[in-house]
Amino acid sequence: MKTVFISGASRGLGAVIAKTFASNNYNVIINYNNSEHEANDLKKFLESNYKIKCFLYKCDVSNEFEVKDMFLKIKGEIGNIDCVINNAGISLDNSLIDKTYDEFMKVISVNLLGTYLISKYSLEVLKKGCIINVSSNNIYEGSYIESIDYDASKAGVISLTHSLARFLAPNIRVNAVAPGWILTDMTKDLDLNFKKYEEDKILLKRFGKSEEIADAVYFLASNEYVNDCILRIDGGIRWILI
Ligand code: NAP
């Protein structure tokens with residue numbers, strides 16, 4: 001039986017990715033930072049609905065000491081794993097001028113440094129298999145003035161994906177998804193006019209469901225010839241409305 005590690009899987013897209021892999025017979029390691037209650041509920045849900053084991057590890061992906069310690073524990077308690085998904089991410093929207101040093105550093109630390117730290121220390125237990133990074137379609141021409149730090153972090157994740165694919169081949173494949181808008185906690189408080197404006201740019205005229213992104217992540221894990229691939233999944237975007 002295969003085992004997948006998912007960062008930031010207590011809620012949102014990560015929790016749905018956990019369900020998708022569990023439904024495909026993977027044991028699931030859920031990493032969370034603050035949402036312990038949600039992580040416990042997800043573990044109960046997965047173990048009662050699928051014939052799999054679920055493990056919980058609390059860790060801030062941007063803290064090197066915690067990440068290193070987590071993978072040493074995983075090595076001792078679980079052993080080798082087959083797939084690592086770098087999903088944990090935050091956005092701290094603020095205008096270009098008002099954005100603070102601390103905000104910028106926090107976003108880069110969780111989204112970009114966290115992806116690097118998890119990838120690096122997971123090699124303790126990921127000897128053969130794959131890494132899948134969650135980037136964003138903001139890396140294309142559609143960046144936003146409130147989220148230049150987030151957009152830069154997600155562009156960095158794409159660069160990391162290419163570098164890791166090159167340097168970890170042939171034993172480990174490395175791919176990324178670049179989702180557009182997804183209905184999760186991260187987007188639930190968007191202004192309704194802004195949401196409508198964004199939906200109008202999407203050829204399918206709606207935000208994506210987490211299940212649709214999770215299916216794409218599972219595809220990247222299960223097709224063993226896909227490598228160094230950035231899978232854009234956003235319903236088709238026209239950035240300029242005409
Ligand atoms: P979300 O609903 O806000 O959930 C974020 C998850 O990340 C939570 O499980 C949270 O865990 C975890 N997390 C945050 N900081 C962490 C840290 N320092 N260490 C460990 N875990 C941490 O966000 P989402 O929408 O599901 O986003 C998931 C991924 O998809 C992110 O990388 C995001 O950038 C990307 N994405 C989202 C969208 C979108 O429209 N929603 C679009 C493109 C890409 P705790 O609550 O336990 O702290």
side-chain hydrogen bond (donor to acceptor under 3.5 Å, both in side chains): pairs with one or both residues in residues 108-117, sequence neighbours excluded: Asn111-Ser153
Steps toward side chain to side chain donor-acceptor pair (under 3.5 Å) verdict (Asp60, Ser62): CA-CA 5 Å; Asp60 174 353; Ser62 66; 2.7 Å; yes
Under 3.5 Å: donor-acceptor pair, side chain of Arg173, backbone of Leu220: yes
Modelled atom types, side-chain donor and acceptor of Ser147 and Asp93, under 3.5 Å: no
Basic-acidic side-chain contact under 4.0 Å: Lys73, Asp69: yes
Under 3.5 Å donor-acceptor, Lys99 side chain and Leu92 backbone: yes
Test of ring centre spacing under 6.0 Å for Phe21 and Tyr26: yes
Under 3.5 Å donor-acceptor, Lys201 side chain and Arg238 backbone: no
Donor-acceptor pair, side chain of Asn63 and main chain of Cys59, under 3.5 angstrom: no
Qualifying residues under ring-ring contact (aromatic ring centres under 6.0 Å, His included), relative to Tyr57, sequence neighbours excluded: none
Test side chain to side chain donor-acceptor pair (under 3.5 Å) applied to Asn86 and Ser119, step by step: CA-CA 8 Å; Asn86 281 304; Ser119 302; 3.1 Å; yes
Among Ile132, Val84, Leu13, Val28, the one residue meeting side-chain contact (heavy atoms from CB on, under 4.5 Å) with Ile6: Val28
Cationic N near anionic O, under 4.0 Å, Lys106 to Asp102: no
